[in-house]
Amino acid sequence: MAMTGERLPYLCDRLQAFGGASVFAEMSALAVRTGAINLGQGFPDTDGPAAVAEAAVEAVRGAFNQYPPGIGYPVLRQAVAEHQRRFWGLEFDPDTEVLVTAGATEAITAAILALAGPGDEVVTFEPYFDIYPADISMAGAERRLVQLRPPAYTFDPDELAAAFGPRTRMLLLNSPHNPTGKVFSPDELDVIARLCVEHDVIAVTDEVYEHLVFDDNAHVPLATRPGMADRTVTISSGGKTLSFTGWKIGWVCARPELVRAVQAAKQLLTYVSGGPFQPAVAVGLRLGDDFFDGLAADLQARRDLLCDGLSAAGFEPVVPQGTYYITADIRRFGASDGLEFCRSLPERCGVVAVPVQVLCDDKAMGAPFVRFAACKRPEVLEQAVERLAVLASR
């Protein structure tokens with residue numbers, strides 16, 4: 001997690017940078033203390049489809065309350081394989097190429113622990129999802145960061161190529177991307193794929209926002225690009241798509257030898273989890289196209305509501321191509337330190353955001369930006385926009 005720098009006794013040096021108080025926890029505590037609207041943490045404030053919730057209730061009353069198989073219940077593995085074929089044209093054997101995990105978080109952690117180790121390098125992008133550097137450190141590997149430069153959050157292909165070397169073991173990609181809302185284009189993915197093939201590198205992809213893509217953008221899995229089907233570990237979950245984030249049901253899709261490697265690490269973390277929720281998530285993955293189309297359209301409307309409000313308040317929001325998140329430039333306010341700005345925002349207008357700099361090694365790059373989450377009810381976002389408007393009058 002993104003930490004504030006507190007050093008903890010007894011914690012090993014490898015994890016000291018990640019062991020202090022989380023900025024997300026700090027901002028959530030600020031929201032509680034001040035009565036502010038929390039647009040910092042990325043989880044919805046409503047539950048997902050009733051049919052999926054009812055399926056979980058039925059599973060609790062049925063035969064799904066003991067340990068699931070180590071690889072996950074067949075009903076969910078089959079649904080995941082069907083989902084990958086239906087939406088992305090990817091073929092996976094549900095018996096050997098799908099692994100159920102305790103959310104995407106465990107899947108990512110297990111994949112990094114299994115596939116990278118001391119002396120290895122992991123290439124990834126910054127800003128980054130906060131667990132990535134911690135996972136890489138736990139594995140004893142080193143991260144090589146390539147910047148996604150605002151406002152378009154593009155990367156320099158030459159800079160990416162320079163990050164690959166003889167010790168590169170893994171490319172870690174998040175698309176659609178948290179916190180920037182970037183959706184990597186097919187051309188960008190082809191650049192990444194060529195480098196992975198050229199350097200014989202394994203790719204681990206975090207695709208939890210795969211169905212939350214807006215406008216004319218489209219999610220394209222890296223595994224669909226030339227040469228990548230056999231070297232990509234594709235990860236997703238039901239939390240973001242189905243709005244049941246607390247169930248923590250994720251999955252890994254990859255060739256059998258990669259799945260076995262990830263499972264070797266995963267079984268030492270949780271072994272298994274979420275028995276009754278697995279068949280329920282299977283129901284969710286089989287919902288009709290109207291659900292998936294409506295999901296993106298609904299969140300796009302919330303994105304637009306919040307972006308318009310941020311602009312009116314004096315921010316310069318970067319309109320995201322996908323995900324829950326909107327990053328916004330604070331320099332119009334004469335501010336340049338996002339952490340300081342976010343700490344003052346609840347008292348100034350009653351809204352909580354998260355500083356992007358805590359999601360970067362290059363603090364200067366992230367410092368002028370803060371992140372807001374648009375995955376709240378429209379009436380909550382409308383109230384937040386009204387509060388933010390106070391900033392425009394000061």
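Residues V354 and Y325 are members of separate hydrophobic clusters, defined by side-chain heavy-atom contacts under 4.5 angstrom among Ile, Leu, Val, Met, Phe, Trp and Tyr. Hydrophobic clustering (side-chain heavy atoms under 4.5 Å, transitive across Ile, Leu, Val, Met, Phe, Trp, Tyr) groups V252 together with Y132. At a threshold of 4.5 Å between side-chain heavy atoms, the hydrophobic network of Ile, Leu, Val, Met, Phe, Trp and Tyr places I202 and V197 in two separate groups.
Between Y73 and F64, the two ring planes are perpendicular [angle over 60°; tilted spans 30° to 60°]. The aromatic rings of W88 and H219 sit perpendicular to each other, their planes meeting at more than 60°, with 30° as the lower class boundary.
Side chain of S344 to main chain of F341: a donor-acceptor pair is present (N/O by atom type, distance under 3.5 Å, no hydrogens or angles). Side chain of R387 to main chain of G350: a donor-acceptor pair is present (N/O by atom type, distance under 3.5 Å, no hydrogens or angles). In terms of modelled atom types and a separation under 3.5 Å, the side chain of D293 and the main chain of D290 share no donor-acceptor contact. A donor-acceptor pair is defined here as one N or O able to donate and one able to accept, closer than 3.5 Å; such a pair exists between the side chain of S22 and the backbone of F24. Distance alone, capped at 3.5 Å, places no donor-acceptor pair between the T241 side chain and the G238 backbone. Looking only at distances, no side-chain donor or acceptor of T109 sits under 3.5 Å from a matching main-chain atom of D135. Distance alone, capped at 3.5 Å, is enough to place a donor-acceptor pair between the K376 side chain and the F43 backbone. With K363 contributing its side chain and Q357 its backbone, the two residues share a donor-acceptor pair below 3.5 Å. A donor-acceptor contact shorter than 3.5 Å is absent between the side chain of N38 and the backbone of S28. Under a 3.5 Å cut-off, the side chain of S175 and the backbone N or O of H177 do not form any donor-acceptor pair.
Taking the six-membered ring for Trp, F277 and F244 have ring centres at least 6.0 Å apart.
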With side chain to side chain donor-acceptor pair (under 3.5 Å) as the test, would you mind laying out the steps for Q147 and D156 before giving the verdict?
-> CA-CA 8 Å; Q147 291 186 343; D156 182 339; over 6 Å; no
So R225 and D190, salt bridge (charged side-chain N to carboxylate O under 4.0 Å, His left out) or not? Walk me through it.
-> CA-CA 6 Å; R225 312 320 291 169; D190 285 342; 2.9 Å; yes
Assess whether side chain to side chain contact (heavy atoms under 4.5 Å, CB included) is satisfied between L173 and L189, documenting all intermediate values.
-> CA-CA 10 Å; L173 176 70; L189 294 172; 3.7 Å; yes
In sequence, state the C-alpha distance, the side-chain angles, and the governing distance for E316 and R331, and then conclude on salt bridge (charged side-chain N to carboxylate O under 4.0 Å, His left out).
-> CA-CA 8 Å; E316 291 186 65; R331 282 173 284 196; over 6 Å; no
Check the pair Y128, L172 against side chain to side chain contact (heavy atoms under 4.5 Å, CB included), reporting the backbone distance first and the verdict last.
-> CA-CA 10 Å; Y128 41 66; L172 177 58; over 6 Å; no
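Applying the 4.5 Å side-chain rule to ILVMFWY residues, one finds that Y10 remains a lone member of its cluster. V272 belongs to a hydrophobic cluster with Y67, Y271, counting contacts under 4.5 Å between side-chain heavy atoms of Ile, Leu, Val, Met, Phe, Trp and Tyr, direct or through other members.
Ion pairing between a basic and an acidic side chain is recognised when a charged N comes within 4.0 Å of a carboxylate O; D289 and R86 show such pairing. Salt-bridge annotation for D230 and R255: present, with a side-chain N of the basic residue lying under 4.0 Å from a carboxylate O of the acidic one. Classification of R149 and D362 as a salt-bridged pair fails, no side-chain N sitting under 4.0 Å from a carboxylate O. Ion pairing between a basic and an acidic side chain is recognised when a charged N comes within 4.0 Å of a carboxylate O; D298 and R302 show such pairing.
Distance NZ/K240 to CD/E210: 12.0 Å, rounded to 0.5 Å. In this structure, SG in C307 is found 10.5 Å from CD in Q300, a value given to the nearest 0.5 Å. Summarising the geometry, atom CG belonging to L30 is positioned 8.5 Å from atom CZ belonging to R343; distances are rounded to the nearest 0.5 Å. With rounding to the nearest 0.5 Å, the separation of CG in L381 from SG in C375 is 8.5 Å. For the atom pair CD of E82 and CG of L76, the computed distance is 10.5 Å after rounding to the nearest 0.5 Å.
Shown here for T232 and A254, the closest heavy-atom pair between the two residues is O-CB, 3.6 Å.
With a 4.5 Å cut-off on side-chain heavy atoms, L90 and C253 do not count as touching. In this structure, T245 and P44 have side chains that are in contact, with non-hydrogen atoms separated by less than 4.5 Å. Contact check for P368 versus S336: no side-chain heavy atoms found under the 4.5 Å cut-off.
With sequence neighbours left out, F92 forms a ring pair (Phe, Tyr, Trp, His ring centres under 6.0 Å) with no residue at all. Residues forming a ring pair (Phe, Tyr, Trp, His ring centres under 6.0 Å) with F372 (at least two apart in sequence, or on another chain): F315. Residues satisfying the salt bridge (charged side-chain N to carboxylate O under 4.0 Å, His left out) test with E379, not counting sequence neighbours, are R377.
No side-chain donor-acceptor contact under 3.5 Å links Y324 and N178. Counted by atom type alone, D215 and Q321 present zero donor-acceptor pairs between their side chains at under 3.5 Å.
Heavy atoms from other residues, nucleotides or ligands lying under 6.0 Å from CD of E340 number 12 at most.
Applying the side-chain hydrogen bond (donor to acceptor under 3.5 Å, both in side chains) test to pairs two or more places apart or on separate chains, those with a residue in residues 116-126 are E121-R144, E121-R167.
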